[in-house]
Number of protein chains: 2
Amino acid sequence: MVKVMRSSPARTSVTLADVAALAKVSTSTASLAYRRTGSITERTRARILAAAAEIGYAGPNPTARSLKSGRSGIVGIIVAGTVRRAFQNPVAMATMSGLSEALDELDVGQLLLSHRSESGDRSARLLDGMPVDAVVFLTRGEEFDGLLPSMRARHIPMVGVEGPHEEGVTLVDIDDASGMAVLARHVRDLGHTRIGVVMRSTRIDANGPPGPIEPIDANLETISNRTIRERLRAVASVFPDAVRVEAGGRELDSGEIAAGRLLDQASPPTAILAQNDMLAVGTLRAAAVRGLEVPRDLTVTGFDGAHIPLLGRRLTTVEQPLHERGLQAGRMVGELLAGGAPSGIVLPVVFREGDTSGPPPRA
Amino acid sequence: MVKVMRSSPARTSVTLADVAALAKVSTSTASLAYRRTGSITERTRARILAAAAEIGYAGPNPTARSLKSGRSGIVGIIVAGTVRRAFQNPVAMATMSGLSEALDELDVGQLLLSHRSESGDRSARLLDGMPVDAVVFLTRGEEFDGLLPSMRARHIPMVGVEGPHEEGVTLVDIDDASGMAVLARHVRDLGHTRIGVVMRSTRIDANGPPGPIEPIDANLETISNRTIRERLRAVASVFPDAVRVEAGGRELDSGEIAAGRLLDQASPPTAILAQNDMLAVGTLRAAAVRGLEVPRDLTVTGFDGAHIPLLGRRLTTVEQPLHERGLQAGRMVGELLAGGAPSGIVLPVVFREGDTSGPPPRA
DNA sequence: GCCCACTATCGAAACGATGCGATTCGCATC
DNA sequence: GATGCGAATCGCATCGTTTCGATAGTGGGC
């Protein structure tokens, strides 16, 4: 039996046909032994399973099965940037946790994919090559839009968490605008008039210096991320004269530097609305470094409710139902897979007054 | 054109054959347009792609492609318990982060699966139905052993992070034993003789009361989790007379309660070795509650290096290269997929002296 | 102008399972 | 012992690609 060794796999796998042959039944009958539908004698089934065990057959090949059925049992979860970075982001993780809870329930596999627009081609091809029954875009911005056409062509249902409205994407949204408006009104009711906003970086990966100080509503339409844009707009609706500065990155340090830029002005704001809790913590640091006491000298607010451990303070912020929105997204995937057409939802946020906001210092 | 609506999918998908027909080529040629091997005129390829665009063909069906090629481009990542819980576990996340970094590099999809032995059937069937090219068991204990036979039968390469040695599983291990031994010797060199160990819960999900106080080496062989067992054995080799108590769960509270049981004895230990940092923090709390000052009245050590924010203290602990072991696991997956047969590795741990250990109080 | 060596294209056979329709079997009934 | 009927089993087409071997076409060398 001299046989040329095949250079690659040599993976002579056992197939259902082999099992059938050994059990002396047709492959269709052998298949029956593994399905729940169709009728088969308990005796033959036992014989088939015994044969399978004998030659080490581990059950039907999932790929072949998917090909016939048109379903893979896999849901793609697409995060921005890298999977690694998503694992370090508390907001993403809290959402994931809810999403996973719901998907676990559905008995589907969860395929994690990352996408960044720069290396768009590569990750788009990766997604295109994956046998997914549905996809969830996690905290989506516009960077995912390049992926939509091919998903639509394949009739793959899509669920988006945050992000722009796009045909075919069922959206689980958070009522950002009114959340931010509530915060702004809270600050206004306290008596503040000079307001600064530390806004989230519009860059995805880069880390750099903060942007310039600009009017709150400068070139709003050029900001492609809807979430960022709407939060700014909400502030503008309450404080048309507020100014903003964009953080250079997503870390705490970037928030501190950006806030510092606002505080070092000749006539600094008496309240700083940060666009998320991480930036707010950075802002608190910037204040501490400059000897400002919060809230006596400066009011600081956040946005998120990501439960960042906070040295004994309670941040005045707006809490997003992060886990809940993940759950809802998972539930929608379930409905879509079942052939339904769920409508998108907008989840409310909850204002939570902490001890970082108070009346402005007397002039 | 009255046509009966098919009750189910109706998902009339466009296939390569349709594209070929429109472009007036054979399907084999149409396939060539999407492959990198084989020769095809640039003109024909363009014609084919144009046809594809015209009828909305999004590229070859991944499932069919996998069936032919025998590869799915998917690596399964299996965590214990639920995916959700894994997202909340800092040790798992740090490892994941390294693993994802390596897998991103390989351009493979990462399929998250959970497995708990109780509902073993269900999750085993889920895994069996997934088209994975390789699997990684994340921080594996024995609960995954039921999954091995079928993976072996399918010739699916396996990588384990922690866990018992099993045929066919390439292991990325951490030198637990010597790490714990280093800690024990550190404590011995400080002069301690009465030692207590707060050990990790051997239960997976449940939460309950702590176990009884037992000799350090009682029934060691009945503890199925190798990691837990070896850490105990390492302590026993230095302190044969130490006692241990098992935490009732994985949370901080469980650690506090278990440590309390040790501290409330008539003649309490002067040093408590906790089996991980979370339990150590719980132990610190138990000490604080009882008015014990650390390290003056009690020495506390941890294990992990999961960087738990610690109110200004630095825990005496042993740091595991968590991110690194994830990276290594990913690298091994790469080697295995390329047909290699990497050998397992044992990563060293690093002792880090903090300010929670000191000489025992004078009697 | 003929033949050869390529190259681009094609046809058909897999890949491993499933499901429909047809066939056979077992068994009770007349 | 023939007949009828449901249940168990079988054969074959099929899912959408890829790939191998075969065929047609192209151009160059003489």
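Every value quoted in this text rests on a predicted model; they were computed, and no experiment measured them. A, B, ... follow the sequence lines: proteins, then strands. Residue 1 opens every chain.
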Any side-chain N or O of A/Ser31 below 4.0 angstrom from OP1/OP2 of C/dA17? no
Under 4.0 Å between a side-chain N/O of B/Arg35 and OP1 or OP2 of D/dT18, yes or no? yes
List the protein contact pattern of nucleotides 9-15 of chain C with one symbol per nucleotide (5' to 3'): B for base contact, S for sugar-phosphate-only contact, - for none; contact means a heavy-atom distance under 4.0 Å. BBBB-BB
Would you mind reading off the distance between A/Arg36 atom CZ and C/dG19 atom P, rounded to a whole angstrom? 13 Å
Any donor and acceptor pair, going by atom type alone, linking the side chain of A/Thr41 with main-chain N or O of A/Thr44 inside 3.5 Å? no
Interatomic distance where CG belongs to B/Asp18 and C1' belongs to D/dC15 [whole Å]: 13 Å
Do the ring planes of A/Tyr57 and A/Tyr34 sit parallel (below 30°), tilted (30 to 60°) or perpendicular (above 60°)? perpendicular
Look at the side chain of B/Thr170 and the backbone N and O of B/Gly344, then say whether any donor-acceptor pair between them is shorter than 3.5 Å. no
Between B/Asp104 and A/Thr82, do the side chains contain a donor N or O and an acceptor N or O under 3.5 Å apart? no
D/dC10 C1' sits how many Å from A/Leu16 CG, rounded? 13 Å
Looking only at side-chain N and O atoms, does B/Arg65 come under 4.0 Å of OP1 or OP2 in D/dT18? yes
Could you tell me which residues satisfy salt bridge (charged side-chain N to carboxylate O under 4.0 Å, His left out) with A/Arg226, sequence neighbours excluded, listed by chain and number? A/Asp173, A/Glu230
side-chain N/O A/Tyr34 vs C/dG19 OP1/OP2, d < 4.0 Å: no
Bend angle of the helix from C/dG1-D/dC30 to C/dC30-D/dG1, from helix axes over five pairs at each end, nearest 10°: 50°
For the pair A/Glu167 and A/Arg152, find out whether any cationic side-chain nitrogen is under 4.0 Å from an anionic carboxylate oxygen. no
Is a side-chain donor-acceptor pair under 3.5 Å present for B/Arg325 with B/Thr95? yes
Look at the side chain of B/Asp133 and the backbone N and O of B/Gly73, then say whether any donor-acceptor pair between them is shorter than 3.5 Å. yes
